[in-house]
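First up is the structure itself, then whatever we jot down about it.
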There are 2 protein chains.
Amino acid sequence: MSLDDLGERGRRASRERSADRAGAKPTLKTIAELTGLAVTTVSRALADAPQIALETRMRVRQVAEEIGYMPDRAAQRLRTGRTNVISLVLDPHEEILGYATSIIDGLSEALRGTPYHLVITPHFSDTPAIDPVRHIMRNRMADGIIFTRTEPADERVKLLVEHDFPFICHGRTELATAHPYVDYDNYAFAYHAARRLIASGATKLSIILPPDRFTFAQHMRHGFMTAVREEGVRFEIAKDVTLDSKSDAIRDYVYKQMAQADRPDGFVCGGEVSAMAVMASAYDHDLELGRDVHLVAKQTSGLFDQVRPRVETIYEDLSEAGLLMGRLLLKRIGGPVPVGELQALQTL
Amino acid sequence: MSLDDLGERGRRASRERSADRAGAKPTLKTIAELTGLAVTTVSRALADAPQIALETRMRVRQVAEEIGYMPDRAAQRLRTGRTNVISLVLDPHEEILGYATSIIDGLSEALRGTPYHLVITPHFSDTPAIDPVRHIMRNRMADGIIFTRTEPADERVKLLVEHDFPFICHGRTELATAHPYVDYDNYAFAYHAARRLIASGATKLSIILPPDRFTFAQHMRHGFMTAVREEGVRFEIAKDVTLDSKSDAIRDYVYKQMAQADRPDGFVCGGEVSAMAVMASAYDHDLELGRDVHLVAKQTSGLFDQVRPRVETIYEDLSEAGLLMGRLLLKRIGGPVPVGELQALQTL
DNA sequence: CTGGCGATTTATAACGATATAAACGTTGCC
DNA sequence: GGCAACGTTTATATCGTTATAAATCGCCAG
């Protein structure tokens, strides 16, 4: 409290006796005056440079601690070019419940205790996804970038790899050059979801995929199709509706399906909203879940623990994904690392 | 593309002809060389200072535009002390679905087109809530602070008011000094929710409140109690369970209530998770929603549009709250504003 | 006594921006 | 012609830090 107090008393006192305690923010100069050393020496001492006598280093650190010295980020950044910032590029309008929150949770945990700050760089969907990335690189707004919704031939990945700029993306690409990523095994998700439905007695499966442009849409499709072919059951894949569609549009689509004579009786739901839409449709058509209609949903929050009738789910830990992305990115920023060590696939 | 391209070709070219185009990041110096003016003049010209000839200002701006000049934030920050940063203090572990996401959405919109960046400052619940605020102030990590979960005698508010540091909090206090805030009318929410339940035929109401230490818990309680007293119905207020409790704990609590002979038949749900818990409990006790049990929930996402049976809801627009907080904070940072103009109450 | 070496410390400059005060060329007036 | 005043531009210093090169010291060998 005492040292952090910037109140009137402290400020006045500091005007009287130069600037030894409290009052103005302490800088290297403050420590230099206090110890009788040069600013340069203090800087090097705090950096633990071996050329500075051990005793000096300890004394400086002691004083720095006492007066609560914290380096000025702006000055460090100007001088070194390092920002101590991690930029998370987000389309803040995404409706996916809590997706961002969970990732931010994990990222915060990874950055805890480091000098790194988390900056949210919004990407508004009316501009190319590469714009914010280019801007961050060009103006050195961050030491590393994290982004989501990766595409098979993602331009952002290409750009970042080309310039050797530290980054981790959520999701993989199909590019020839390996690059850092954290991904969830959506192939396995869709595969196992479909098999579970079939095992429950479903004879015609349905799936709503993410927009085609995202890599994980292909993974889900592939997992789904593999299971379907293995078992030889019929299926339907939504054409004009995706997991990104408004929830009403999703529900309308499922409504139409339910009204068919040949309606699907097993649904793979890649998102919580779409799962709720399927449940709503079933309910409105007087179809009983678990008997007339089966459902396996991806669960990313505690929501489904409270949903009745109970829904079969497969869990994706987004908070852990954030944690991983943070850790890997810090590792990469720390120095060159084989790209293989910067890739993580979350399994079921 | 051409100017943003930092590739090998550009870099080599710039080495040849000093640094006129592409290559290294353009600075005031670059513009100065290009125009034959002094760095100072360029700076003032871009600041649109009236002492600089209009023609010069236009020429400088033209050149700056052409080479894609963007001021270096670190340098500006070091020199002026302004950070161009807004800090959002968040407990990233909060389970409230998408609460943070919605607010970030609104904030991003408010900050769009301004030079301000949004930094997420995590507040881990094992440390005092005032720590991150003090740290931000002391080290001038931001020009303004936004935080949530305001308490009646909030220490953060006191500190910030005392030092006249720009901030907006989500929620009000009961402090004597007025301060900026954005809040949702939780009194009205609880009041109307309760009245609706009674109008639907409920004879014993139940409510789960936020933790007592938050101001909005008192508001909700007050609204609830007012309605209950006006109508003279019986009621129950959860003692050991709050909206912050794990969703399982909430469900267990509601389970016990449902098992009572004298069970409540009307539930005011201040959160989406607690609403789902009530629904789950009702379902598990074979109670029919809308007949045996009534429910009015606060809706903060599109989720309840897909929940069946349909649930009565009252909407709280968190994205708008974020937008308001951003706008008001920018206004405050811009210069002294009567505190009354920095307060907003979102009504139903 | 001088030169030189190793161990420490320090002076200087620079990062890119801006606030301050000084300098500049032009004009008009006495 | 000299000088003040004006409109405009520029030199200088500074924010806090760190990389580089230089300086200082004690000490020992020659």
Side-chain angles (χ1 to χ4, degrees), chain A residues 14 18-19 23-61 63-64 67-85 115 138-141 143, chain B residues 14 18-20 23-61 63-64 67-85 115 117 138-141 143:
Chain A
S14 88
S18 79
K25 198 179 102 185
T27 68
L28 289 181
K29 197 167 150 198
T30 320
I31 304 181
E33 282 166 8
L34 247 37
T35 55
L37 292 165
V39 171
T40 307
T41 314
V42 176
S43 171
R44 317 233 36 210
L46 287 174
D48 226 25
Q51 301 102 319
I52 304 296
L54 187 59
E55 194 225 308
T56 309
R57 273 184 268 169
M58 296 198 308
R59 192 157 53 97
V60 168
R61 235 182 303 167
V63 174
I67 66 175
Y69 167 78
M70 302 246 347
D72 184 294
R73 313 186 102 235
Q76 280 184 318
R77 176 166 170 178
L78 177 60
R79 181 63 244 244
T80 65
R82 295 197 47 176
T83 63
N84 282 344
V85 160
R138 178 171 166 71
N139 298 95
R140 262 268 136 139
M141 303 302 308
D143 297 335
Chain B
S14 88
S18 78
D20 52 354
K25 195 179 104 184
T27 69
L28 289 182
K29 198 167 149 200
T30 319
I31 304 182
E33 282 167 7
L34 247 37
T35 56
L37 293 165
V39 171
T40 308
T41 313
V42 175
S43 171
R44 319 235 32 208
L46 287 174
D48 226 25
Q51 301 102 319
I52 304 294
L54 188 58
E55 196 225 307
T56 309
R57 274 184 268 169
M58 296 200 306
R59 191 158 52 98
V60 168
R61 235 181 306 166
V63 173
I67 66 175
Y69 168 78
M70 301 244 353
D72 183 294
R73 312 187 101 234
Q76 278 183 321
R77 178 166 169 179
L78 177 59
R79 181 63 240 245
T80 65
R82 295 196 49 179
T83 63
N84 282 343
V85 160
H117 282 192
R138 178 170 165 69
N139 298 96
R140 262 265 136 140
M141 304 300 308
D143 297 335

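We name chains A, B, ... by the order of the sequence lines, and we start the count at 1 in each one. Just so it is clear, the structure is predicted and the values come from calculations on it, not from any experiment.
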Check for a donor-acceptor pair, side chain of A/Arg73 on one end and backbone N or O of A/Asn84 on the other, with a separation under 3.5 Å. yes

Between the side chain of B/Asn139 and the main-chain N/O of B/Met141, is any donor-acceptor distance below 3.5 Å?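 Not a single qualifying donor-acceptor pair exists.
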
Per-nucleotide protein contact along nucleotides 9-18 of chain D, 5' to 3', at a 4.0 Å heavy-atom cut-off (B base, S sugar-phosphate only, - neither), is BBBBBBBBBB

How long is the span from the OG atom in B/Ser43 to the CD1 atom in B/Ile31, to the nearest 0.5 Å? 10.0 Å

Identify whether the distance between the nearest side-chain nitrogen and carboxylate oxygen of A/Asp48 and A/Arg61 falls below 4.0 Å. yes

Do the side chains of A/Met70 and A/Pro115 get nearer than 4.5 Å, heavy atoms only?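 Not touching, per the 4.5 Å side-chain cut-off.
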
